[in-house]
Amino acid sequence: MLAFDRRIGLIGIGKMGEALVSGLIRSKLIDPAKVGVSDISVERKEYISKKYPITCYSKSDELVNNSDIVVIAVKPRDMKKVLGDIKAQLNSKHLLISIAAGISTSFILRHLQKNVSLIRAMPNSPCMIGEGMTVLAPLPGTSIENIQYAKEIFSSIGKVLLLDEKHLNAVTGLSGSGPAYVYLFIEALTAGGVKVGLPEDVALILSTQTLYGSSKMLLETGEPPKKLKGMVATPGGTTVSGLFELEIGNVRASIIRAVEKATQRARELGIE
Ligand SMILES: NC(=O)c1ccc[n+]([C@@H]2O[C@H](COP(=O)([O-])OP(=O)(O)OC[C@H]3O[C@@H](n4cnc5c(N)ncnc54)[C@H](OP(=O)(O)O)[C@@H]3O)[C@@H](O)[C@H]2O)c1
């Protein structure tokens, strides 16, 4: 691991911005004195400065002047304004990271009108509890050192993978939207439990722990899902009867289509 000697500045300290700050502090990756934030919301800044021992800047350009790595975590609609606010202060020594969904690196470069070291990141909401999945798409030519810094930052809130930017719409459709698909599955599983007579709170715990345990089995054993499924489904047993109903209900095809449609929508909403 690199000795994390860079100063990090976050613009936009909403849900994802706070997830990053708390991950960075919890993981002890960085001295909190090296973390700065800026946000247009006064209440948000007050809340954050009371909760974390970090520096709150009133203006984003001031933050950029006092940071080596700048992470933009505002809504996509606010990106143009933020880029305009900071473009004069950004220079070739900065590493800029954007987590704004659908905002391409070409959009960012066009609005900055200068070349900077730039990485697009697509985290997902479990980042808020340190179990996120982030895909990083560095602009070609980004130094290995800067990619390593970005990996370390996002590793503080979960797992990290590196992919080409062309895959980010698909990533949005899968791991970005994925938590919502999983919650829907848990809701349905819980409703199934209630249908067969379990109290709702009990059914919810059984469903949630089953999802959690099964995911952990996949991660820890490294076995393919098909093999682990086979271990549960004894021929002629209860599980195959359940699996057969899921196949009749076209659940597998529906999930494939959900990822496909969400990817298409990400493409439609994307800003080049
Ligand atoms: N939530 C997710 O699961 C998820 C997953 C992947 C990527 N993302 C991306 O992460 C980004 C942040 O999402 P979020 O859910 O954390 O949003 P959020 O909770 O709305 O936080 C954004 C913060 O930025 C502030 N802001 C707006 N304009 C600003 C400006 N010009 N300068 C400084 N601060 C400004 C907002 O203040 P106001 O509220 O006053 O406008 C708000 O406090 C989005 O681009 C989103 O696409 C989110």
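The analysis underlying the following values was restricted to heavy atoms, covering all of them including side chains, and did not include hydrogens, waters or symmetry mates. Order of listing sets the numbers, starting from 1, for every ligand and every atom in it.
- Using a 4.5 Å heavy-atom threshold, the side chains of Leu96 and Ile119 count as separate.
- Interface of Pro76 with ligand 1, defined as ligand atoms under 4.0 Å from a residue heavy atom, comprises 44 (C), 45 (O), 47 (O).
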Below 3.5 Å, can you tabulate the donor-acceptor pairs from side chains in residues 189-196 to any protein atom, sequence neighbours excluded?
residue, atom, partner, partner atom, Å
Thr190, OG1, Ile186, O, 2.7
Thr190, OG1, Ser207, OG, 3.3

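- Regarding atom 42 (C) of ligand 1, its nearest protein heavy-atom neighbour is Asp39 OD2, 3.6 Å.
- Contacts between Met79 and ligand 1, counted as non-hydrogen atom pairs separated by less than 4.0 Å, are absent for every part of the residue.
- With hydrogens left out, the protein atom closest to atom 6 (C) of ligand 1 is Pro123 O, 3.0 Å, a heavy atom.
- Between Lys15 and ligand 1, a contact under 3.5 Å exists for at least one N or O pair.
- The pair Asp68-Arg7 meets the salt-bridge criterion, since a charged nitrogen lies less than 4.0 angstrom from a carboxylate oxygen.
- At most 12 heavy atoms of other shown residues, nucleotides or ligands fall within 6.0 angstrom of atom CD in Glu200.
- The nearest protein atom to atom 27 (C) of ligand 1, hydrogens excluded, is given as Asp78 OD2, 3.4 Å; this is a heavy-atom distance.
- Less than 4.0 angstrom separates some heavy atom of Met122 from each of these atoms of ligand 1: 6 (C).
- When heavy-atom distances to ligand 1 are checked against a 4.0 Å cut-off, Ile103 has no atom that comes that close, whether in backbone or side chain.
- For atom 9 (C) of ligand 1, the closest heavy atom belonging to the protein is Ile99 O, 3.2 Å.
- Cluster annotation: Leu174 and Leu161 are assigned to distinct hydrophobic clusters (Ile/Leu/Val/Met/Phe/Trp/Tyr, side-chain heavy-atom contacts under 4.5 Å, transitive).
- The parts of Ile40 lying near ligand 1 are both backbone and side chain, judged by heavy-atom distances below 4.0 Å.
- Residue Ala101 touches ligand 1 through backbone and side chain together, judged by heavy-atom distances below 4.0 Å.
- Comparing heavy-atom distances from atom 12 (C) of ligand 1 across Ala19, Ser60, Ala100, Ala73 singles out Ala73 as nearest.
- Residues Met16 and Met128 form a side-chain contact, since some pair of their non-hydrogen atoms from C-beta on lies under 4.5 Å apart.
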Worked check of salt bridge (Lys or Arg N to Asp or Glu O under 4.0 Å) between Glu260 and Arg257
CA-CA 5 Å; Glu260 204 176 17; Arg257 277 205 302 270; over 6 Å; no
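- Under the 4.0 Å distance rule, the nearest protein heavy atom to atom 31 (N) of ligand 1 falls inside the cut-off.
- Looking only at heavy atoms of the protein, atom 39 (O) of ligand 1 is closest to Ser41 CB, 5.0 Å.
- The side-chain heavy atoms of Tyr47 and Ile13, taken from C-beta on, include no pair separated by under 4.5 Å.
- Among Ser175, Ser125, Ala180, Ser177, the residue whose heavy atom lies closest to atom 3 (O) of ligand 1 is Ser125.
- Counting only residues at least two apart or in different chains, side-chain hydrogen bond (donor to acceptor under 3.5 Å, both in side chains) contacts with residues 107-125 comprise Lys87-Gln113, Ser117-Asn146, Arg120-Glu165.
- Heavy-atom contacts of Val82 reach the following atoms of ligand 1: 30 (C), 31 (N), 32 (N) (cutoff under 4.0 Å).
- Among protein heavy atoms, atom 16 (O) of ligand 1 sits closest to Met16 N, 2.8 Å.
- If you take CD1 on Ile72 and OG on Ser98, they are separated by 5.5 Å, rounding to the nearest 0.5 Å.
- Ranking protein heavy atoms by distance to atom 24 (O) of ligand 1, first place goes to Gly12 CA, 3.4 Å.
- Distance from atom 44 (C) of ligand 1 to its nearest protein heavy atom, with residue and atom name: Val74 O, 3.2 Å.
- Between Gly176 and ligand 1 there is no heavy-atom distance shorter than 4.0 Å.
- Expressed to the nearest 0.5 Å, how far OG1 of Thr263 lies from NZ of Lys261 amounts to 11.0 Å.
- Inter-residue side-chain proximity for Ser58 and Lys45 is flagged as met; some heavy-atom pair is nearer than 4.5 Å.
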